[in-house]
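A short write-up of the structure that comes next.
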Amino acid sequence: MIPHAPIGEPESSLANKTGSWRIFIPVFDAELCNGCGTCETFCPEGVVHKRADSDTFIADYNYCKGCGICAYECPKDAIEMILEEK
Amino acid sequence: MTGKLKSGRQVVEGSYAVAHAAAICRPDVISAYPITPQTHIVEDLSQFVADGAIDSKYINVESEFSALSALVGASAVGARTYSATTSQGLALMHEVVFNMAGMRLPAVMTIVNRSMSAPINIWNDHQDSIAERDSGWIQLYVEDVQELVDTTVQAYLIAEDPEVSLPVMVCMDGFILSHVFEPVDLLDQKAVDEFLPPFKPLRTLDPEDPKSFGMFVDPEYYMDFRHLVEQAMDRSRSKIHAAAKSFESAFGRYYGDLIDTYHTDDAEIILVAMGSLVGTLRDVVDDLRSKGVPVGLLKVRAFRPFPADEIAEAIAGAKVVCVLDKNISLGTGEGAVCTEIKASLYNSDVRIPVIGFVIGLGGRDIPVGTVQRIVSKAEDVIKHGIKVENEFVDLKHSLVS
């Protein structure tokens, strides 16, 4: 059920999985990644993070819209944008 | 409020009467921008505030757009809000008018009905509020100053009902009602306090419990929110009825609920109108009835929600319906009330000729003789059928070809 008016609770925008807007998905190659963090710095959505188990990076695909800036900026060409079939 | 407002029967200007009625509802926040013929209302309200007669916060603004925007914010934090405007001022509010209804904020705003430019003209017709008919505001049209006073109080009860939670426009005819001096029963503070409980908003903006109002809504949810407004509008029908009835119990005055009827039961010809024109039509009906003409009158008090069922029931026994519209939906050749009555009858069993008369635009006088000619045309329709479905009444044919 929706409320009587368009009223939002704090952090409720997390329910909106904007990753569904994506057409190209960034695939991160941990072998090529040197952990510089350029992708994290340039991500306009703040959804690129260091992996829990290594010093390499990965996107949160729930919210990554597939803009491709991380792949463009990566100095090691460790990120490839691939058409995502749905 | 400090109870310094006078009460009881007084000879006052219509604008003073509505300012008094708004003040006695204890609005927390008033914001308005002066524009003819609404100006005296906001002058009187600001005088009440300056005199300390009421405790309302009066926000001075630089435009009507800001006036209603200020009330959106005030209403969102739980304030009872009031504004008044007309014509170009209402048009300037247009964007906020839709937002206020969509955000389900129950303000009450007096519309002092005036024509729309161009040509610029300050006199009365209903074009300004009719142009806002799709906005989600309830629209109530009043016949005289006492009904204006009493409907303003009822409007808060309707708007703030949790099953409605929609803003209300109380529409009064510019100059005809806003500038007339007549005896009016000004309401007593204690009686209004008993009739109208304090505003209890469904949700409020509160730093202790943060929320966002007026959220961005994508296609997945937008239509559903619009449907909720339509449902609330539909529920307001019974609330308008209940407010009219409970007001009658408390104050002894009643003006009909969504519609009012006068001699319609045995009428062959039924005249339909909104606003102060209804008063003129009552006199015409009395006069023609005394001469044996079977004519009746239907007053549309609520234009939104539109009283389709009530109108169909009231006119079912008639032979012809004449709708007198003080507005024109350009490109259709007729006024909005006429179009909507015809639309609401199309899938019903009621099959009566409905003819439209666009009348009194920009303050053109509507004398009794003009209405009598309309009734003569109705008699002709009964005898010979519809020849002309709608017309501009009292056009100066020497000026237009």
Side-chain angles (χ1 to χ4, degrees), chain A residues 1-28 37-52 57-74 79-86, chain B residues 71-73 75-78 81 96 98-107 135-137 159-167 199-236 239:
Chain A
M1 287 292 288
I2 53 177
H4 78 289
I7 297 170
E9 300 293 335
E11 300 188 352
S12 58
S13 64
L14 290 173
N16 188 8
K17 299 285 175 61
T18 49
S20 66
W21 303 6
R22 191 172 57 230
I23 294 171
F24 291 93
I25 183 168
V27 177
F28 292 73
T38 301
C39 51
E40 182 186 33
T41 302
F42 278 86
C43 175
E45 293 294 310
V47 299
V48 177
H49 305 287
K50 198 175 275 187
R51 293 181 210 255
F57 286 79
I58 188 73
D60 181 342
Y61 294 116
N62 280 325
Y63 302 105
C64 168
K65 294 171 182 166
C67 71
I69 290 174
C70 57
Y72 182 83
E73 295 293 342
C74 177
I79 306 169
E80 188 179 1
M81 300 303 294
I82 295 175
L83 183 65
E84 189 175 23
E85 304 288 348
K86 287 173 186 165
Chain B
L71 295 194
V72 166
S75 191
V77 299
T81 56
V96 195
F98 272 69
N99 270 309
M100 195 141 208
M103 291 169 71
R104 307 291 298 280
L105 300 171
S135 63
W137 285 59
E160 293 171 1
D161 188 298
E163 290 187 37
V164 177
S165 199
L166 285 174
F199 176 33
K200 290 202 183 73
L202 291 167
R203 310 286 291 274
T204 55
L205 277 179
D206 177 2
E208 300 298 314
D209 179 21
K211 293 176 201 66
S212 299
F213 273 52
M215 296 285 286
F216 174 88
V217 170
D218 66 18
E220 207 170 337
Y221 299 104
Y222 179 85
M223 268 188 76
D224 310 276
F225 276 110
R226 301 306 282 168
H227 182 65
L228 288 183
V229 178
E230 179 60 30
Q231 284 182 317
M233 193 60 96
D234 199 39
R235 284 194 297 269
S236 76
K239 308 297 181 182

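Naming: A, B, ... by sequence-line order, numbering from 1 per chain.
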Checklist line | Tyr72(A) OH: over 12 foreign heavy atoms closer than 6.0 Å | finding: no
Item checked: More than 12 heavy atoms of other groups within 6.0 Å of Ile82(A) CD1 ->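 Yes - once you tally the heavy atoms of other residues, nucleotides and ligands closer than 6.0 Å, there are more than 12.
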Checklist line | With Phe42(A) via ring pair (Phe, Tyr, Trp, His ring centres under 6.0 Å) - residues at least two apart | finding: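 If we apply the ring pair (Phe, Tyr, Trp, His ring centres under 6.0 Å) test to Phe42(A), skipping adjacent residues, there are no hits.
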Next item on the list: Over all heavy atoms of both residues, which pair between Gly102(B) and Pro6(A) is shortest? Give the atoms and the distance, please.
Entry: O-CD, 3.4 Å
Considering distance alone, list the donor-acceptor pairs between chain A and chain B shorter than 3.5 Å.
{"unit_1": "His4(A)", "atom_1": "O", "unit_2": "Arg104(B)", "atom_2": "NH1", "d": "2.9"}
{"unit_1": "Pro6(A)", "atom_1": "O", "unit_2": "Gly214(B)", "atom_2": "N", "d": "3.1"}
{"unit_1": "Pro6(A)", "atom_1": "O", "unit_2": "Met215(B)", "atom_2": "N", "d": "3.0"}
{"unit_1": "Gly8(A)", "atom_1": "N", "unit_2": "Ser212(B)", "atom_2": "O", "d": "2.7"}
{"unit_1": "Gly8(A)", "atom_1": "O", "unit_2": "Ser212(B)", "atom_2": "N", "d": "2.8"}
{"unit_1": "Glu9(A)", "atom_1": "OE2", "unit_2": "Arg203(B)", "atom_2": "NH2", "d": "2.3"}

Checklist line | side-chain contact (heavy atoms from CB on, under 4.5 Å) against Pro44(A), all qualifying residues, sequence neighbours excluded | finding: Cys67(A), Ile69(A)
Next item on the list: Return the option, out of Pro3(A), Ala5(A), Gly8(A), with the maximum number of heavy-atom pairs under 4.5 Å with chain B.
Entry: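 Most heavy-atom pairs within the cutoff with chain B belong to Gly8(A).
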Next item on the list: Could you tell me which residues satisfy salt bridge (Lys or Arg N to Asp or Glu O under 4.0 Å) with Glu40(A), sequence neighbours excluded, listed by chain and number?
Entry: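 None.
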